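Given the structure is predicted, the values throughout are model-derived calculations rather than measurements. Computed from heavy atoms alone, side chains included, the values below leave out hydrogens, waters and symmetry copies.
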Amino acid sequence: MTPELHPSLEHLAFLVGEWQGLGVVGYPTITEAHFEQEVSFSHDGRPFLAYISKTWLIDDAGSRLRPSATETGFWRPGAKPRDVEVMLSHASGVVEIYVGEVVFHKIELTSEVVARTETAKDVKGFTRLYGLVDGGDLAYAIDMAAMDQPLQAHLSARLQKIA
């Protein structure tokens with residue numbers, strides 16, 4: 001039995017569930033590619049959402065070529081009723097902390113802290129935009145400043161709720 005969503009997470013309730021879909025990744029320092037993604041937002045009744053995302057690079061026919069990025073973390077309510085705090089970590093050695101705001105079914109996030117290990121890529125900052133679009137799909141776009149490049153488009157995807 002799934003516990004009731006903590007009242008402080010009502011503004012994030014639309015995220016809860018399992019999502020799957022396709023996206024595109026690109027940046028001046030990498031070759032553009034397409035990916036498949038699975039995302040989970042779950043809760044156990046406490047005031048945070050657990051988050052995990054797994055991606056696979058895919059070929060033109062949509063077949064998985066190899067695993068790609070994985071990120072995991074937590075989405076928490078912020079100080080004000082519509083605020084959100086997000087903490088994410090990546091196997092690539094990067095940790096991100098975001099602050100943002102939820103307006104209806106749209107979330108805008110800006111990185112407050114980006115930390116990295118000695119061997120991780122030189123990443124300086126991110127913005128993320130999430131929102132429900134036609135038919136209830138979850139679409140998002142991530143901009144990145146890294147590798148001596150200014151903040152610019154990095155990846156985007158459209159995910160369908162599967163559970």
When you compare the side chain of [Y] with that of [X], does any pair of heavy atoms fall below 4.5 Å?
{"X": "Q20", "Y": "E36", "answer": "yes"}
{"X": "T70", "Y": "T72", "answer": "no"}
{"X": "L22", "Y": "I58", "answer": "yes"}
{"X": "T127", "Y": "S111", "answer": "no"}
{"X": "V94", "Y": "V114", "answer": "yes"}
{"X": "F14", "Y": "L132", "answer": "yes"}
{"X": "M147", "Y": "K121", "answer": "yes"}
{"X": "L12", "Y": "V84", "answer": "yes"}

When you look at E96 and V86, which way does the side chain to side chain contact (heavy atoms under 4.5 Å, CB included) test go after all the steps? CA-CA 8 Å; E96 307 162 28; V86 178; over 6 Å; no
More than 12 heavy atoms of other groups within 6.0 Å of [X] [atom1]:
{"X": "K54", "atom1": "NZ", "result": "no"}
{"X": "D44", "atom1": "CG", "result": "yes"}
{"X": "R64", "atom1": "CZ", "result": "yes"}

If we count only N and O atoms by modelled type, under 3.5 Å, do the side chains of E71 and Y51 hold a donor and an acceptor together? yes
Reported [atom1]-to-[atom2] distance for the pair [X] and [Y], which is rounded to 0.5 angstrom:
{"X": "T110", "Y": "E101", "atom1": "OG1", "atom2": "CD", "value": "10.5 Å"}
{"X": "I52", "Y": "L88", "atom1": "CD1", "atom2": "CG", "value": "11.0 Å"}
{"X": "E85", "Y": "L109", "atom1": "CD", "atom2": "CG", "value": "11.0 Å"}

When hydrophobic residues are tied together by side-chain contacts of less than 4.5 Å, even through go-betweens, does V102 share a cluster with L5? yes
Residue pair [X] / [Y]: nearest heavy atoms and the distance that separates them:
{"X": "G45", "Y": "P3", "answer": "N-CG, 3.7 Å"}
{"X": "G93", "Y": "A120", "answer": "O-CB, 3.7 Å"}
{"X": "V95", "Y": "S89", "answer": "CG2-CB, 4.2 Å"}
{"X": "L151", "Y": "G125", "answer": "CD1-O, 4.0 Å"}
{"X": "A33", "Y": "L57", "answer": "CB-CD2, 4.0 Å"}

Residues sharing F104's hydrophobic cluster, by side-chain heavy-atom contacts under 4.5 Å among ILVMFWY, directly or via others? V103
For F48, the other hydrophobic cluster members (4.5 Å side-chain criterion, sorted by chain and number) are F74, M87, I97, V113
Show your working on side chain to side chain contact (heavy atoms under 4.5 Å, CB included) between Y27 and Q149 and close with a plain yes or no. CA-CA 9 Å; Y27 203 68; Q149 299 291 319; 3.3 Å; yes
Using 30° and 60° as the class limits, which term best fits the ring planes of H90 and F126: parallel, tilted or perpendicular? parallel
Can you tell me if [X] uses its side chain to pair, donor with acceptor, with the backbone of [Y] under 3.5 Å?
{"X": "Y130", "Y": "L15", "answer": "no"}
{"X": "T55", "Y": "A69", "answer": "yes"}
{"X": "Q152", "Y": "P150", "answer": "yes"}

Where do R128 and Y140 land on the side chain to side chain contact (heavy atoms under 4.5 Å, CB included) test, with the steps shown first? CA-CA 7 Å; R128 292 181 179 229; Y140 73 86; 5.8 Å; no
Answer yes if the ring centres of F41 and W75 are under 6.0 angstrom apart, and no otherwise. yes
Testing Q37, H34, E38 one by one against W56 for a side chain to side chain contact (heavy atoms under 4.5 Å, CB included), which residue passes? E38
Decide side chain to side chain contact (heavy atoms under 4.5 Å, CB included) for V39 and L159; before the verdict, give the C-alpha distance in whole Å, the side-chain angles of both, and the deciding distance to 0.1 Å. CA-CA 8 Å; V39 172; L159 311 174; 3.7 Å; yes
